[in-house]
Amino acid sequence: MKPTRCGPYICGIDAALDVVSGKWKGLILWELDQRGTRRFAELRRVLPGVSEKMLTQHLREMEQDGLVHREVYAEVPPRVEYSLTGHGRALNKALEPLGAWGRERIRRENHEMVEHA
């Protein structure tokens, strides 16, 4: 499947941010990295505030960009599971310093952090 976004880009950061743009993509990457394979309803439950439409759209874009693998099982009712690809895990690894910067900002500015079950 060909990625939907394909430049032209000014720099590598521009290209990277193009793939992770959107409020929920970083959180989807983090959740799949932390918890492994998840079903749609599980992702929706751990991302309070995300609409079904937005989650579907982000997952489709992430699948097109090669970050997420979507596995459909031929069952009744159908079961669909999402997991990170190697490309998605590599992106998550690249985002780790940004996450560390964000945690330091939360600490420094005494912001509240949501507990994640």
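If you read the sequence from its start, that first residue is 1, and numbering goes on from there. These numbers come from a predicted model, not from an experiment.
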Working to the nearest 0.5 Å, report the span between [atom1] of [X] and [atom2] of [Y].
X      : Y      : atom1 : atom2 : answer
Trp24  : Leu47  : CH2   : CG    : 6.0 Å
His111 : Arg105 : NE2   : CZ    : 4.0 Å
Leu84  : Thr37  : CG    : OG1   : 8.5 Å

Nearest heavy-atom pair of Val19 and Lys25: which atoms, and what distance?
O-CD, 3.4 Å

Would you name the heavy atoms of Leu32 and Val68 that are closest together and state the gap between them?
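For Leu32 and Val68, the tightest heavy-atom pair comes out as CD1-CG2, 4.0 Å.
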
Establish whether Leu67 and Val72 are linked, either directly or via other cluster members, by ILVMFWY side-chain heavy-atom contacts under 4.5 Å.
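Both belong to a single hydrophobic cluster.
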
Transitively linked via ILVMFWY side-chain contacts under 4.5 Å: Leu95 with Trp101?
no

Could you walk me through whether Met54 and Lys23 pass side chain to side chain contact (heavy atoms under 4.5 Å, CB included), step by step?
CA-CA 10 Å; Met54 188 56 61; Lys23 178 177 180 176; over 6 Å; no

Go through it in stages, so that I can follow the logic: the residues are Leu27 and Val46, the test is side chain to side chain contact (heavy atoms under 4.5 Å, CB included), and I'd like the CA-CA distance, side-chain angles, deciding distance and then a yes or no.
CA-CA 9 Å; Leu27 295 173; Val46 297; over 6 Å; no

Residue pairs fulfilling salt bridge (charged side-chain N to carboxylate O under 4.0 Å, His left out) with at least one residue in residues 81-92, sequence neighbours excluded
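Sorted result for residues 81-92: Arg79-Glu81.
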
Could you check whether any side-chain N or O of Asn92 sits under 3.5 Å from a backbone N or O of Leu29, counting only pairs where one atom can act as donor and the other as acceptor?
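Such a contact is found between Asn92 side chain and Leu29 backbone.
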
With the threshold set at 4.0 Å, does a side-chain nitrogen-carboxylate oxygen contact exist between Lys93 and Glu96?
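Result for this pair is yes, salt bridge flagged.
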
Run the numbers on Phe40 and Leu55 for side chain to side chain contact (heavy atoms under 4.5 Å, CB included), then give the verdict.
CA-CA 8 Å; Phe40 184 89; Leu55 182 56; 3.6 Å; yes

side-chain hydrogen bond (donor to acceptor under 3.5 Å, both in side chains): pairs with one or both residues in residues 38-56, sequence neighbours excluded:
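Non-adjacent pairs meeting side-chain hydrogen bond (donor to acceptor under 3.5 Å, both in side chains): Glu31-Arg38.
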
Using the test side chain to side chain donor-acceptor pair (under 3.5 Å), find all partners of Glu104 that sit at least two apart in sequence or belong to another chain.
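Result, side chain to side chain donor-acceptor pair (under 3.5 Å) vs Glu104: Arg107.
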
I want to check something: taking the side chain as every heavy atom from C-beta on, are Leu59 and Leu43 in contact at a cut-off of under 4.5 Å?
yes

